[in-house]
Structure formats: C-alpha cells, structure tokens
Amino acid sequence: MKKNILIISILIALISWGVYDFVNTTDEIVTVNAENLKEGLEKGNIAPDFELNTLDGSSFKLSDFRGKKIILNFWASWCPPCQAEMPHMQDFYEDKKNEDIVIIAVNLTKMERNEQSIRAFANNLGITFPIPLDVDGEIGNKYHAFTIPTSYVIDTNGLIQNKIIGPMSYEMMDNYTKKIN
C-alpha cells in the first residue's frame, strides 16, 4: 500500500511539474542575433549537435536537419507516457512531413531491455520518422532528458524555442510548430 502511494505521489509530482512548465512557457519566439548564438539548452540557444546511428542502421546527425522545424523527442519503449504520445507523433509526422517539419525520436537505448524491444515497439505503431539510438546515454544526459518523454522544439535556424516535459498531443505539436519560423 505504501509503495502504491509513493508511486502515485511521484506520478502526480511529475505531471504537476510538466503542467507548470507548460503553463509558464512564454510564447515569445527568440530570433537569431549575435547575442544568442550560443550552444545550449535554453530558449534561443543553438541546439547541441550530435551524431547517432538509427534503428534502421543509418547514420544520423541533428545538424543535417537545419532549415526544418524539429521536434526532438527523448523516450523509451517501456515508458507509459511515451507509449501514449507516439501515435500522436506519428500522425503529426505523416500530416506535416511535406511542410519541412520533422520528428526525431531519440531512444534512450541504455534504459531499454534490448534493441529488439525498440524495434517491436516501432513496428507495432508503424513509426516512420527517424529513431536514433542513444546507446550510452550521452545525448539524453546532454539534453537533460531525466524525465521522459522530454521534447525540444527547434526552429529552422537550429535554435531551441521550447522544452516540453511529458507527453504531447497532436494539437500541442501543431501549436508549437506554428509559432516558430
């Protein structure tokens, strides 16, 4: 009983944190200028570049997508909020892929049982967007993806415009990407 109360308390705290973060996120869009051309995780910083191999075995580099709006998502197949979010991400990706919007779903592979569970999850949901594998956890740590799912909305200049902790709906993804260049 105490264990259930602890788990429920933790879940309520995580959801509250996500709601607080969402409500207190400003809609101000940061633009490119000499003062904010700094790599980092704050709004207006250049998103740190990384290179990983994808689930299909190809090489992937974040900076190759400069010029597109990006939703950079960190997730794991065993995570219930991630499981709830992925169908919305796939629908959004299918609807928006011709509008220079891309979803990049970095799997925190170090937290998975094995690569086959990732593959089964992606196949089961018909995921067609890139799934880079963060095998050693370095990129998840670099992006402070301590609570999952964690997503970053990145504009066409490679600047971080929003950080979202917790699952996103189709409408949230649409709203965030409409507000940026």
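In this structure a side-chain-to-backbone donor-acceptor pair under 3.5 Å is present from D56 to S58. Between the side chain of T177 and the main chain of M173, a donor-acceptor pair closer than 3.5 Å is present. Under a 3.5 Å cut-off, the side chain of W78 and the backbone N or O of M111 do form a donor-acceptor pair. Side-chain N or O atoms of D174 include none that pairs as donor or acceptor with a backbone N or O of Y170 at under 3.5 Å. Within the 3.5 Å criterion, the main-chain N or O of E138 finds no donor-acceptor partner in the side chain of N141. A donor-acceptor pair under 3.5 Å links the side-chain atoms of W75 to the main chain of A105, judged by distance alone. Side-chain atoms of E85 come within 3.5 Å of backbone N or O of M168 as a donor-acceptor pair.
At most 12 non-hydrogen atoms from other residues, nucleotides or ligands lie less than 6.0 angstrom from CD of E42.
At least one side-chain heavy atom of V153 sits under 4.5 Å from a side-chain heavy atom of I164. In this structure, the side chains of K43 and N162 come closer than 4.5 Å at one or more pairs of heavy atoms.
The pair R119-E115 counts as a salt bridge, with a side-chain nitrogen and a carboxylate oxygen less than 4.0 angstrom apart.
Between F65 and F60, the ring centre distance stays below 6.0 Å.
Here the shortest heavy-atom pairing between I131 and A122 reads CD1-CB, 3.7 Å.
When Q161, K179, K69 are each tested for a side-chain hydrogen bond (donor to acceptor under 3.5 Å, both in side chains) with D155, only one passes: Q161.
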